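Since we're looking at a predicted model, the values are computed, not measured. We use all heavy atoms of the structure for the numbers below, so side chains are in, but hydrogens, waters and symmetry mates are not.
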Amino acid sequence: MFKQISAPVICLFIFFCTLNVQSSLGSDSEYDGPVSITLYHSVSAGLEPEWSERGHIDIQNVVTGDMSVSQKPVDASFAKRLQALAKSDGVYKIKSVVRTSTGKEISFLSFAKACLLVESMLSDALTVSVDYAGTVIAVTLSPTVSVCENHPISSADLRGFNTFVHFRHIEQGPMPDTAAYIQKLEREREARERGEVKDNRSFLAKYWMYIVPVVIFVVLSGASNPEATGGGGGGR
């Protein structure tokens with residue numbers, strides 16, 4: 001025979017099941033499919049970036065890190081604009097457009113001081129952050145130089161990007177043991193129904209709400225009638 005399950009337990013079970021279903025539907029798992037990242041960059045000093053294609057990253061597997069990176073050579077005009085941006089303490093911008101095997105696209109923006117990129121002679125690192133479902137959640141740029149020291153760099157040293165790409169996997173936190181929690185609630189409910197739950201509290205802890213009113217009543221009655229509690233006077 002099936003045991004009757006209380007309504008709160010059923011609601012709790014449905015709630016956790018709904019969360020799990022929404023999580024599985026909302027994640028675009030890429031462990032079984034390739035991911036491509038198209039890189040665009042801008043050296044414009046204005047508020048609106050003027051994007052031009054920088055390169056492409058083809059990722060075969062985000063777990064093993066199997067990938068191929070191809071980047072366009074830097075022409076003299078772009079190198080001079082980057083140097084001018086560095087002299088004005090400007091910001092180099094990069095846009096990474098991630099396209100999954102299902103055709104979904106999402107863009108990530110990152111930036112760095114142009115002088116850092118110039119003094120590193122276009123050596124930088126791209127960090128691809130991946131969540132527990134294999135979905136790319138961020139792409140960030142980091143030049144190999146961390147401090148601008150105004151070293152003279154010629155345009156001849158700025159002919160191509162030397163980029164290292166690495167993955168940062170976000171670990172999944174511990175999941176609640178829903179089944180064990182529901183079983184615990186059921187055991188507690190059945191124990192209460194059978195009267196097996198013992199109350200180990202002291203006598204005062206159990207019945208203080210009945211004792212306190214009686215004590216207060218006795219004290220107030222004695223205070224309002226002092227002659228009844230006092231001794232009788234002797235007569236002549």
Side-chain angles (χ1 to χ4, degrees), residues 1-33 35 61-65 96 98 100-102 104-111 127-142 146 166-236:
M1 296 180 63
F2 293 96
K3 297 181 180 179
Q4 183 179 3
I5 302 177
S6 59
V9 174
I10 295 176
C11 293
L12 183 63
F13 178 77
I14 294 175
F15 173 75
F16 279 110
C17 288
T18 304
L19 287 180
N20 291 333
V21 171
Q22 289 178 347
S23 176
S24 62
L25 291 177
S27 62
D28 187 11
S29 179
E30 301 305 329
Y31 281 131
D32 299 329
V35 178
N61 192 306
V62 296
V63 178
T64 60
S96 306
V98 179
T100 67
S101 59
T102 60
K104 178 182 176 182
E105 286 189 357
I106 185 170
S107 298
F108 300 100
L109 298 178
S110 185
F111 54 87
T127 302
V128 181
S129 299
V130 182
D131 67 4
Y132 68 94
T135 304
V136 178
I137 58 175
V139 180
T140 55
L141 172 74
S142 301
S146 58
H166 67 277
F167 294 90
R168 179 174 178 265
H169 295 274
I170 308 298
E171 296 183 358
Q172 183 181 9
M175 297 296 292
D177 192 352
T178 309
Y181 182 70
I182 292 177
Q183 292 176 0
K184 177 183 176 183
L185 293 179
E186 281 300 305
R187 289 194 299 267
E188 292 178 352
R189 181 185 63 82
E190 294 174 358
R192 285 194 300 268
E193 292 178 353
R194 293 192 300 266
E196 296 178 357
V197 178
K198 296 181 180 180
D199 194 346
N200 296 323
R201 294 178 298 172
S202 64
F203 179 81
L204 291 177
K206 292 180 183 179
Y207 304 108
W208 67 269
M209 71 288 295
Y210 305 110
I211 297 174
V212 171
V214 174
V215 173
I216 294 176
F217 176 77
V218 172
V219 172
L220 293 179
S221 298
S224 61
N225 189 13
E227 297 181 356
T229 59
R236 280 183 159 183

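Residue S110 comes nearest to L141 through the heavy atom pair OG-N, 3.0 Å, listed as atom of the first residue, atom of the second, then distance. Taking all atoms of both residues into account, the shortest heavy-atom contact from V130 to I137 is N-CG1, 4.4 Å.
Under the side chain to side chain donor-acceptor pair (under 3.5 Å) criterion, T127 pairs with H166, sequence neighbours left out.
Under a cut-off of 6.0 angstrom, the local environment of CZ in F108 is crowded, with over 12 non-hydrogen atoms contributed by other residues, nucleotides or ligands.
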